[in-house]
2 protein chains.
Amino acid sequence: MLKDETCPVSTALSIIGGKWRLQIIFQIGNEKRRFGELKRRIPTISEKMLIQELKNLTGAGILNRKAYNEIPPKVEYSLTEEGQKILPIIDQIKAFGTELMEKSNAGKANLGTSE
Amino acid sequence: MLKDETCPVSTALSIIGGKWRLQIIFQIGNEKRRFGELKRRIPTISEKMLIQELKNLTGAGILNRKAYNEIPPKVEYSLTEEGQKILPIIDQIKAFGTELMEKSNAGKANLGTSE
DNA sequence: TAGGGTGCTTACTAAAAAGTATGTAAAATT
DNA sequence: AATTTTACATACTTTTTAGTAAGCACCCTA
């Protein structure tokens, strides 16, 4: 899924797109979250994906990563200023999704991707 | 990419997710757009994808499809009320992307998905 | 009668994203 | 010495998503 360098929307999607990113950002919210904590909060994500996306988001300046020099390891993730700007987007998407769910209880078709 | 039936965000993403959906919705905006018009406005989309996503979005109640009984065929697509609610989401994503682009000119890393 | 335009279908292929399984380090506990 | 804990790495496979290419129907015009 290559990105059009000139389009703001696809630039944004290169960060918030994908199956897990919004979920991860949402679960961190305004807290500091440890790796294992996130794993527990998103039980359906695989470890590989969690690691990979945390790394991607950190590299993109969306997350802060603070590693303590302890054994066993302890690492805390939190949103950067940039990352916090994604929270209102999630709110809006969530509101839209909520509406959809209400209406679909009144019997509407859903998209092919979910089947 | 199966969807969690109970999560509003993933419900929303099952509609606005994917490479082309937001783009298509954005290009329709508040207008009536013919199939060929959309093809021209999104030159990088393949015909197959455009057809497929128009069908999906129509089936999901996001688009109206009006076919005129003419030869050669003429079909117009427009956003339903439901679909219009996606426009402000796009605006917000776009604003976020614009910010990112400005900052990245000051030299920041981008995510793995774009490489 | 051979194209041309329009919206759409289908079979097939390729690429991208996600999942599974297994392994590592290093100290602390048993 | 074996086991646990925590964060992460890597090879490999499967699933999902997107792209290519070809064809169809219908009428009109050259």
Side-chain angles (χ1 to χ4, degrees), chain A residues 1-4 10 13-24 27-28 32-60 63-78 110-115, chain B residues 1-4 10 13-24 27-28 32-60 63-78 110-115:
Chain A
M1 201 174 180
L2 281 186
K3 158 197 159 202
D4 175 358
S10 73
L13 290 182
S14 77
I15 285 186
I16 64 172
K19 187 172 179 178
W20 300 111
R21 301 229 173 117
L22 286 183
Q23 180 89 0
I24 292 168
Q27 290 301 336
I28 294 177
K32 290 174 189 166
R33 299 281 189 207
R34 293 188 60 183
F35 178 84
E37 209 179 344
L38 289 169
K39 232 172 68 179
R40 264 171 274 124
R41 286 176 162 263
I42 313 175
T44 51
I45 196 174
S46 68
E47 243 186 24
K48 177 200 153 193
M49 279 297 121
L50 183 53
I51 291 161
Q52 179 182 299
E53 299 305 47
L54 287 172
K55 205 188 294 180
N56 284 151
L57 291 169
T58 302
L63 297 184
N64 291 127
R65 178 182 185 278
K66 178 166 185 186
Y68 295 80
N69 244 23
E70 298 174 8
I71 295 287
K74 174 176 174 183
V75 182
E76 281 177 350
Y77 293 91
S78 58
N110 64 337
L111 287 174
T113 49
S114 56
E115 299 169 324
Chain B
M1 201 171 177
L2 282 183
K3 158 197 160 200
D4 174 359
S10 74
L13 290 183
S14 77
I15 285 186
I16 64 173
K19 187 171 179 178
W20 299 111
R21 302 227 174 120
L22 286 183
Q23 180 88 1
I24 291 168
Q27 291 300 336
I28 294 177
K32 289 175 190 165
R33 299 282 189 205
R34 294 187 60 182
F35 178 83
E37 209 178 345
L38 289 169
K39 231 172 66 179
R40 264 172 273 125
R41 286 176 161 263
I42 314 175
T44 52
I45 197 173
S46 68
E47 238 185 31
K48 177 199 152 194
M49 280 297 121
L50 182 53
I51 291 160
Q52 181 182 300
E53 299 306 44
L54 287 172
K55 207 188 290 179
N56 284 151
L57 291 169
T58 302
L63 297 184
N64 291 127
R65 178 181 184 281
K66 178 166 187 188
Y68 295 80
N69 244 22
E70 299 175 4
I71 293 289
K74 175 176 172 181
V75 182
E76 280 178 349
Y77 293 92
S78 58
N110 65 336
L111 286 175
T113 49
S114 55
E115 301 168 324

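Order of the sequence lines fixes the chain letters, A, B, ..., with proteins taken first and strands second; residue numbering starts at 1 for each chain.
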Enumerate the protein-to-nucleotides 3-7 of chain C contacts in which both atoms are nitrogen or oxygen and the separation is below 3.5 Å.
from: C/dT6; atom 1: O3'; to: B/Arg34; atom 2: NH2; distance (Å): 3.2
from: C/dT6; atom 1: O3'; to: B/Pro73; atom 2: O; distance (Å): 3.0
from: C/dG7; atom 1: OP1; to: B/Arg34; atom 2: NE; distance (Å): 3.1
from: C/dG7; atom 1: OP1; to: B/Arg34; atom 2: NH2; distance (Å): 3.0
from: C/dG7; atom 1: OP2; to: B/Gly36; atom 2: N; distance (Å): 3.0

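At the phosphate of C/dT9, OP1 or OP2 sits under 4.0 Å from a side-chain N or O atom of B/Lys55. When the side-chain nitrogen and oxygen atoms of A/Lys48 are compared with OP1 and OP2 of D/dA11, none of them lie within a distance under 4.0 Å.
Overall, the helix from C/dT1-D/dA30 to C/dT30-D/dA1 carries an axis bend of 30° between its ends, with five pairs at each end and the value rounded to 10°.
One can place CG of A/Asn69 at 13 Å from P of D/dC8, the figure rounded to the nearest angstrom. In this structure, A/Trp20 atom CH2 and D/dT15 atom C1' are separated by 14 Å, rounded to whole Å. The nearest whole Å value for the distance from the CG atom in A/Leu38 to the P atom in D/dA7 is 9 Å. Separating the CE atom of A/Met49 from the C1' atom of D/dC8 is a distance of 14 Å, rounded to the nearest angstrom. Atoms CZ (A/Arg21) and C1' (C/dA16) sit 13 Å apart, rounded to a whole Å. One can place CD1 of B/Ile45 at 7 Å from P of D/dG19, the figure rounded to the nearest angstrom. The nearest whole Å value for the distance from the CG atom in A/Leu54 to the P atom in D/dT6 is 16 Å. Regarding A/Glu53, its CD atom lies at a distance of 16 Å from the P atom of C/dA16, rounded to whole Å.
Looking at B/Arg65 and B/Phe35, their side chains never come closer than 4.5 Å, going by heavy atoms from C-beta outward. Looking only at side-chain heavy atoms (C-beta outward), B/Leu38 and B/Leu54 come within less than 4.5 Å of each other. With contacts defined as side-chain heavy-atom distances shorter than 4.5 Å, the pair A/Trp20/A/Gln27 does not qualify.
To the nearest 0.5 Å, atom CD1 of residue A/Ile24 and atom CE of residue A/Met49 are 9.5 Å apart. Once rounded to the nearest 0.5 Å, the distance linking CD1 of B/Ile28 with CG of B/Leu63 reads 4.5 Å. Note: A/Lys32 NZ to A/Lys66 NZ = 6.0 Å, rounded to the nearest 0.5 Å. Distance check, rounded to the nearest 0.5 Å: OG1 of A/Thr58 to CG of A/Asn56 gives 8.5 Å. Note that CD of B/Glu76 and CG of B/Asn64 are 11.0 Å apart. Values are rounded to the nearest 0.5 Å.
Of the charged side-chain nitrogens involved, at least one lies within less than 4.0 Å of a carboxylate oxygen, so that A/Glu53 and A/Arg21 count as a salt-bridged pair.
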